[in-house]
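Here's the structure we're looking at; comments come further down.
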Amino acid sequence: MATKYNAVVIGAGHNGLICAAYLARAGRKVLVLERRSKIGGATATEEVFPGYQVSTASYVMSMMQKKVIADLELPKYGWKMIPMDCLFTPFEDGSSIAMFGDHSKTQKEIAKFSKKDAEMYPVFEAFLEDAAKFVRQMLFMTPPNPTSRKLRDLKSMLQHANAVRKLGTKLFRITDLMLMSVSEFLDMYFECDQIKAVKAYYGSIGTFLGPRSPGTAYVLLHHLMGDLGGAGGWGFMKGGMGAVPDSIAGSAKAHGCEIRTDAEVAQILTENGRATGVALQSGEEIFADMVITGADAQTSFLKLCDTKQLPADFVESIRNMRTFSTAFKINMAVDRPPSYRAFKPGETDVDYPNYVHIGPTMEYLEKAYDEAKYGRPSTRPFFTPCVPTMVDPDLAPPGKHIVNVFGGHAPYELKDSTWDQEREKYADQVLSVFDEFAPGFTDSVIDRQILMPPDLERIFALPKGHIFHGELTLDQLIFMRPAPGYQDYRTPIRNLWQCGSATHPGGGVMGMGGHNAAREIIKGW
Ligand SMILES: Cc1cc2nc3c(=O)[nH]c(=O)nc-3n(C[C@H](O)[C@H](O)[C@H](O)COP(=O)(O)OP(=O)(O)OC[C@H]3O[C@@H](n4cnc5c(N)ncnc54)[C@H](O)[C@@H]3O)c2cc1C
């Protein structure tokens, strides 16, 4: 007789795995089903070029919450992060700023441009850290439905109101942060464009907005949710990003969880309005007391469910979720690390800048968005080149390196062409901009993997290639994510739960969807 599981999880992204790992630790019989041949979803290490272990999608770590790492004992199963020394931003005139975890070192760098901004820097960072602490606390809370009179929602509203009250007058500045453009927000603190550009860059990452768009100040804050150490809290995973799902899977399996790859779910099975299991593409049916989906909301509800069983307003909200992406990634095997024109060894306290922002001015960042608004990829894109092999040489053959380039904006749909026509040409364009900052870089490239939004959708099942399963703006956050009334990891179908980045608090490798969904499920079991 076929095994009946307590829970079947759709998708072995890090959130699905985390949810499964918590349930397995709570003694439940859990099966995770993944459509790809590899676990991890957008968090994977893959041998894209022979002998090179590449973090194909996500590539740097900071956001995973310490509680999850400790609860699941991830270091025991291979989790190891290598903190970064600094974030280096070269400017077009050959100058640069290096930002360190140590504020006094960063202040010295900023003082090259403005003494006033150097003095303001610790004030700004202290405010951001306060805001991050508040939001980190919110990450762990299941958002309430503010229109509900259920006891659990009323309790949750009280909990949230209490956390907000404790902020005192800081609340007003945090409200600015939630609503303002990153550009206007930075204007309140700094005078020089260089420091503003370094910070505003975070407001554009993974989002189809420019630094002058309202809501981008929050995108900056979202990137500061981690507190794992290193410059800005960021680091590389030893062994590439695949070490994240591998360690979670190790922890889950140690408690009896089963994981199957090449197992694409075609349908969520229901009986009398309750989820009873799933049917795979192969036709196999698997039954369980509950189904938990870690796939994006549009796949989960519009493809895997019969939409006739869902409330019309819910279907409408999921359909309207904004997932149009402009983020691209180019992974390269190279025969030497990039040599930046603006990097002068000995002048700053940096051995080699292996985490870099190319996005030298506010105007540069905004213009990159302007073109994308009209359906064209940015002629001068902003991007982050990283060289993980400088700190983890085992990832590439001796003497060779990997360069990850992640940036924007490359619209999912082009107005005048298709990505099949433009993919190679656009990668050349990105590299020609790279050459301006690191002369001769293009000549060092041995091989490359070009991932435009439709490629990210095809390979990783990200909706329209969206790296966070949907934009991180207030209309799609907290009690609005993924749809009003379904912010608490439940869905309109009984025994069907959701745990991926389309749920509160959104995307990035932070594990909160998986963690919070597991808590709600265990509470109600
Ligand atoms: C190019 C790129 C760069 C990024 N860089 C970073 C970074 O450096 N740092 C960072 O913190 N974040 C980064 N992100 C964002 C981060 O990787 C994602 O937000 C996060 O990994 C999403 O995790 P998840 O578990 O919620 O979903 P996913 O990783 O999307 O997992 C969902 C899983 O469900 C599977 N699935 C879907 N449908 C089915 C089905 N029908 N049957 C079975 N399985 C199914 C998918 O194959 C996938 O494995 C990046 C993302 C991308 C794409």
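Just follow the structure's listing: the first ligand is 1, and inside any ligand the first atom is 1. FYI, side chains are in, hydrogens and waters are out, and symmetry mates aren't considered; it's all heavy atoms of this structure.
- When each atom of ligand 1 is checked for a heavy atom of L462 under 4.0 Å away, the hits are 30 (O), 53 (C).
- Two rings, from W419 and Y426, have their centers less than 6.0 Å apart.
- Where the criterion is an N or O separation shorter than 3.5 Å, residue side chain and backbone included, K329 fails it with respect to ligand 1.
- For the side-chain hydrogen bond (donor to acceptor under 3.5 Å, both in side chains) with T142, the lone residue among R519, H504, Q487 that qualifies is R519.
- A salt bridge is absent between D289 and R28; no separation between the charged side-chain nitrogens and carboxylate oxygens falls under 4.0 Å.
- Residue contacts with ligand 1 include A263, since one or more of its heavy atoms lies under 4.0 Å from the ligand.
- Ligand 1 lies within reach of H469, whose nearest heavy atom is under 4.0 Å from it.
- In this structure, atom 21 (O) of ligand 1 lies nearest to the protein heavy atom T43 OG1, 3.1 Å.
- Aromatic pair Y364/F382: ring centres not closer than 6.0 Å.
- Here atom 6 (C) of ligand 1 lies nearest to S58 when heavy atoms of S58, S300, A461 are compared.
- Distances below 4.0 Å separate heavy atoms of G11 from the following atoms of ligand 1: 33 (C), 34 (O), 35 (C), 44 (N).
- Considering each of S501, C499, P453, the one bringing a non-hydrogen atom nearest atom 22 (C) of ligand 1 is S501.
- In summary, R322 and D475 engage in a salt bridge, as defined by a charged side-chain N under 4.0 Å from a carboxylate O.
- Residue F406 has no nitrogen or oxygen atom sitting less than 3.5 Å from a nitrogen or oxygen atom of ligand 1, judged on distance alone.
- Of all protein heavy atoms, the one closest to atom 44 (N) of ligand 1 is R35 N, 3.2 Å.
- The existence of a salt bridge linking K38 and E47 is excluded, since no basic side-chain nitrogen approaches an acidic carboxylate oxygen closer than 4.0 Å.
- Annotation: ring pair (Phe, Tyr, Trp, His ring centres under 6.0 Å) contacts of F236 (sequence neighbours excluded): none.
- Counting heavy atoms only, V60 comes closest to atom 9 (N) of ligand 1 of the residues V60, I10, I39.
- Closest to atom 35 (C) of ligand 1, if we only count protein heavy atoms, is E34 OE1, 3.4 Å.
- Of all atoms in ligand 1, listed by their number and element, those nearer than 4.0 Å to a heavy atom of G500 are 26 (O).
- Ligand 1 has no N or O atom lying under 3.5 Å from any N or O atom of A295, backbone or side chain.
- In this comparison of S62, A57, G511, the heavy atom closest to atom 3 (C) of ligand 1 sits on A57.
- Short contacts between ligand 1 and M63, defined as distances under 4.0 Å to a heavy atom of the residue, involve ligand atoms 11 (O).
- Salt bridge annotation for D262-R35: absent, with no cationic side-chain nitrogen under 4.0 angstrom from a carboxylate oxygen.
- Between F383 and F434, the two ring planes are perpendicular [angle over 60°; tilted spans 30° to 60°].
- K329 places a side-chain N or O within donor-acceptor distance of the main-chain N or O of T56, the cut-off being under 3.5 Å.
- An N or O contact shorter than 3.5 Å links V509 to ligand 1 by distance.
- For F437, the ring pair (Phe, Tyr, Trp, His ring centres under 6.0 Å) criterion is met by no residue, not counting sequence neighbours.
- Within ligand 1, counting atoms from 1 as listed, the ones closer than 4.0 Å to a heavy atom of G13 are 25 (O), 29 (O), 31 (O), 33 (C), 49 (O).
- Per-residue contacts place G294 under 4.0 angstrom from the following atoms of ligand 1 (heavy atoms of the residue considered): 32 (C).
- Remark: E129 engages R136 in a salt bridge, criterion side-chain N to carboxylate O under 4.0 Å.
- Between H515 and F140, the two ring planes are perpendicular [angle over 60°; tilted spans 30° to 60°].
- In terms of protein heavy atoms, atom 42 (N) of ligand 1 is closest to V265 N, 2.9 Å.
- Near G41, meaning under 4.0 Å from one of its heavy atoms, ligand 1 places the atoms 29 (O), 48 (C), 49 (O).
- At a heavy-atom cutoff of 4.0 Å, ligand 1 is contacted by both the backbone and the side chain of H14.
- Taking the six-membered ring where tryptophan is involved, the planes of H357 and Y201 are essentially parallel, since the angle between them stays under 30° and well short of 60°.
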Between H401 and T389, is the side chain to side chain donor-acceptor pair (under 3.5 Å) condition met? List the steps. CA-CA 5 Å; H401 288 275; T389 37; 2.8 Å; yes

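- Between W234 and ligand 1, no pair of N/O atoms sits closer than 3.5 Å.
- With ligand atoms numbered from 1 in the order given, ligand 1 contributes 43 (C), 44 (N) to contacts under 4.0 Å with heavy atoms of L33.
- Ring pair Y369/F208 is perpendicular by interplanar angle, where above 60° counts as perpendicular and below 30° as parallel.
- Considering only non-hydrogen protein atoms, atom 52 (C) of ligand 1 sits nearest to I467 CG2, 3.5 Å.
- At least one N or O atom of N15 sits closer than 3.5 Å to an N or O atom of ligand 1.
- An N or O contact shorter than 3.5 Å links A42 to ligand 1 by distance.
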